Participant: 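Quick one: the structure is below, and I'll ask about it shortly.
Not measured: the values here are computed from a predicted model.
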Amino acid sequence: MITTILFDFGGVIIESPFIAFARYEQDNGLPDGFLRTVNATNPDGNAWARLERSDVTVEQFDSLFAAESETLGYRVPGSDVLELLHGEVRPLMLRALGDLRRLGYRIACLTNNVALEHDVRDEIAHAMSLFDAVYESSKLGVRKPETGFYEAVLDDLGIGAAEAVFLDDLGINLKPARSLGIHTIKVTREAQALDDLAELLGEPGLRDPDRSHTAG
């Protein structure tokens with residue numbers, strides 16, 4: 001029996017940062033997908049991974065990312081990348097969080113994030129406030145897709161893997177969760193994700209009849 005819904009944040013609750021990455025690449029004459037290529041090179045030990053585990057400071061990340069990107073052909077300051085992280089909140093997902101709570105499910109956020117000192121936008125803070133629990137890589141010292149991240153979440157929530165379903169937009173993050181026995185849904189669009197979740201839970205009320213006009 002599923003009791004708990006686990007959500008990634010960027011790319012699920014808010015617009016994927018990859019959209020902002022693509023705009024930055026176009027505006028700055030970079031190859032398509034360049035920033036993702038930098039992040040995918042040495043993915044467990046590069047500047048991005050180290051920042052998400054709080055192994056380096058924001059200032060160190062700025063120069064480390066610049067050096068890593070330069071070895072791939074284009075120098076990009078890490079500070080530029082950090083400015084691209086916070087997209088718009090997806091309205092259907094926000095609505096679903098409230099619906100799930102009213103239906104009696106626990107909801108938690110599992111996010112790879114970085115510890116930034118600037119203020120969080122009101123709409124982001126509101127979305128975060130809807131979760132019963134928030135698990136951040138920058139505070140746990142472990143990140144998705146490391147198995148220890150999911151194990152720590154299950155242990156803290158006091159549930160078995162089969163009681164949870166996890167929604168993420170990256171297959172690499174879903175695979176280790178699935179191997180532990182967590183139900184998984186890959187998010188490509190708001191409407192698709194909520195349809196898949198509604199079917200899995202047997203909760204048709206999660207579907208929005210007007211989603212075709214508002215889905216991201």
Participant: Show the numbers, then the answer: is there a side-chain contact (heavy atoms from CB on, under 4.5 Å) between Leu6 and Leu157?
Facilitator: CA-CA 11 Å; Leu6 311 174; Leu157 292 172; 4.0 Å; yes
Participant: Do Phe34 and Tyr74 have their ring centres less than 6.0 Å from each other?
Facilitator: yes
Participant: Using a distance-only test with no angle check, is there a side-chain donor-acceptor pair under 3.5 angstrom linking Glu203 and Tyr105?
Facilitator: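 Yes, a side-chain donor-acceptor pair sits under 3.5 Å.
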Participant: Please examine the side chains of Leu194 and Met93, heavy atoms only from C-beta on, and report whether any two atoms are closer than 4.5 Å.
Facilitator: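 In contact.
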Participant: Which atom pair, heavy atoms only, marks the closest approach of Pro77 to Tyr24?
Facilitator: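 The pair with the smallest heavy-atom distance is CD-OH, 4.4 Å.
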Participant: Pairs under 3.5 angstrom only: tabulate donor-acceptor contacts from the side chains of residues 13-23 to other protein residues two or more places apart or in another chain.
Facilitator:
residue: Ser16; atom: OG; partner: Phe18; partner atom: N; Å: 3.1

Participant: Strictly distance-based, threshold 3.5 Å: is any side-chain N or O of Asp8 a donor or acceptor partner for the main-chain N or O of Thr111?
Facilitator: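 Judged by distance alone, no pair lies under 3.5 Å.
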Participant: Identify whether Leu103 and Ile159 are in the same connected component of the hydrophobic contact network (ILVMFWY, side-chain heavy atoms under 4.5 Å).
Facilitator: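 Looking at the clustering, Ile159 is in a separate group from Leu103.
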Participant: Does Asp156 CG have over 12 foreign heavy atoms under 6.0 Å away?
Facilitator: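 Yes, CG of Asp156 has more than 12 neighbouring heavy atoms, counting only those of other groups under 6.0 Å.
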Participant: Is the backbone N or O of Asp80 less than 3.5 Å from a side-chain atom of Glu83, with the two atoms forming a donor-acceptor pair by type?
Facilitator: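 Absent.
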Participant: Hey, are the side chains of Thr147 and Glu151 touching, using non-hydrogen atoms and a 4.5 Å cut-off?
Facilitator: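 Yes, close enough: below the 4.5 Å cut-off.
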Participant: Can you tell me how far apart CD (Glu146) and CG (Leu140) are? Round to the nearest 0.5 Å.
Facilitator: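 That separation rounds to 10.5 Å.
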Participant: When clusters are formed by joining ILVMFWY residues with side-chain heavy atoms under 4.5 Å apart, either directly or through shared neighbours, do Tyr135 and Leu170 land in the same one?
Facilitator: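 No.
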Participant: Side chain to side chain donor-acceptor pair (under 3.5 Å): which pairs involve residues 158-179, sequence neighbours left out?
Facilitator: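 Every pair satisfying side chain to side chain donor-acceptor pair (under 3.5 Å) with a residue in residues 158-179: Thr3-Glu163, Lys144-Asp168, Asp168-Asn173, Arg178-Thr184.
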Participant: Side-chain heavy atoms under 4.5 angstrom apart, residues restricted to Ile, Leu, Val, Met, Phe, Trp, Tyr: same cluster for Leu174 and Val12?
Facilitator: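 As far as the 4.5 Å side-chain criterion goes, Val12 and Leu174 are not connected within one cluster.
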Participant: How would you list, by chain and number, every residue that makes a side chain to side chain donor-acceptor pair (under 3.5 Å) with Asp55, sequence neighbours excluded?
Facilitator: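 Scan of Asp55 (side chain to side chain donor-acceptor pair (under 3.5 Å), adjacent residues dropped) gives Arg53.
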Participant: Contact between Asn39 and Phe65 at the side-chain level, heavy atoms closer than 4.5 Å - yes or no?
Facilitator: yes
Participant: On a heavy-atom basis, which atom in Ala162 and which in His183 lie closest, and how many Å separate them?
Facilitator: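 What the structure gives for the nearest pair is O-NE2, 3.2 Å.
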Participant: Does the side chain of Phe9 come within less than 4.5 Å of Val134's, by heavy atoms?
Facilitator: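 They are not in contact (no side-chain heavy atoms under 4.5 Å apart), so the answer is no.
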Participant: For the pair Arg90 and Glu190, find out whether any cationic side-chain nitrogen is under 4.0 Å from an anionic carboxylate oxygen.
Facilitator: no
Participant: Do Ile185 and Phe166 have side-chain heavy atoms sitting under 4.5 Å apart?
Facilitator: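 They are not in side-chain contact.
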Participant: So that I can tick it off, tell me whether Asp196 and Lys186 are bridged by a salt bridge, with the cut-off set at under 4.0 angstrom between side-chain N and carboxylate O.
Facilitator: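 The answer is no: the pair does not qualify as a salt bridge.
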Participant: Report the C-alpha distance between Leu82 and Leu51 in whole Å, list the side-chain angles of each, state the deciding distance to 0.1 Å, and finish with yes or no for side-chain contact (heavy atoms from CB on, under 4.5 Å).
Facilitator: CA-CA 11 Å; Leu82 295 181; Leu51 183 63; 3.9 Å; yes
Participant: Is there a side-chain contact between Val38 and Leu72 (heavy atoms, below 4.5 Å)?
Facilitator: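 Val38 vs Leu72: side chains touch.
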Participant: Does Leu154 share a hydrophobic cluster with Ile2, counting links as ILVMFWY side-chain heavy atoms below 4.5 Å and allowing steps through other members?
Facilitator: no
Participant: Going from CZ on Arg50 to OG1 on Thr57, what distance comes out if it is rounded to the nearest 0.5 angstrom?
Facilitator: 10.0 Å
Participant: Can you tell me if CD on Glu199 sees more than 12 non-hydrogen neighbours from other groups inside 6.0 Å?
Facilitator: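 Atom CD in Glu199 is not packed in, count stays at 12 or less.
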Participant: At their closest point, which heavy atom of Ala40 faces which heavy atom of Asn46, and how far apart are they?
Facilitator: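 Nearest pair, atom of Ala40 first, then Asn46: N-ND2, 4.4 Å.
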Participant: Looking at every heavy atom in both Leu64 and Ala47, which two are closest together, and how far apart are they?
Facilitator: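 Shortest heavy-atom contact: CB-CB, 3.7 Å.
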Participant: Which heavy atom of Tyr150 sits nearest to which heavy atom of Pro145, and what is that distance?
Facilitator: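 That would be OH-CA, 3.7 Å.
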Participant: May I ask you to test the Met128-Cys109 pair for a side-chain heavy-atom distance under 4.5 Å?
Facilitator: yes
Participant: Would you call Leu200 and Val165 a side-chain contact if the rule is heavy atoms closer than 4.5 Å?
Facilitator: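 Result yes, sub-4.5 Å side-chain heavy-atom pair found.
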Participant: Is there a side-chain contact (heavy atoms from CB on, under 4.5 Å) between Leu84 and Leu35? Walk through the geometry before answering.
Facilitator: CA-CA 11 Å; Leu84 306 174; Leu35 297 180; 4.1 Å; yes
Participant: Quick check: closest heavy atoms across Arg95 and Leu206, and the distance to 0.1 Å?
Facilitator: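 Heavy atoms of Arg95 and Leu206 come nearest at NH1-O, 4.3 Å.
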Participant: Ignoring hydrogens and angles, tell me if any N or O in the side chain of Ser138 forms a donor-acceptor pair with the backbone of Val114 under 3.5 Å.
Facilitator: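 Not a single qualifying donor-acceptor pair exists.
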Participant: Hydrophobic clustering (ILVMFWY, side-chain heavy atoms < 4.5 Å, transitive) - are Phe131 and Phe149 grouped together?
Facilitator: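 Unlinked, Phe149 and Phe131 end up in two clusters.
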Participant: For the backbone of Arg106 and the side chain of Asp132, can you confirm whether one donor and one acceptor N or O come within less than 3.5 Å of each other?
Facilitator: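 No; zero donor-acceptor contacts below 3.5 Å.
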Participant: Between Asn113 and Glu136, is a side chain to side chain donor-acceptor pair (under 3.5 Å) present by the stated rule, with each step listed?
Facilitator: CA-CA 6 Å; Asn113 69 345; Glu136 304 171 79; 2.6 Å; yes
Participant: Just do the side-chain contact (heavy atoms from CB on, under 4.5 Å) check on Glu68 and Trp48 with the steps written out, would you?
Facilitator: CA-CA 10 Å; Glu68 290 175 358; Trp48 190 255; over 6 Å; no
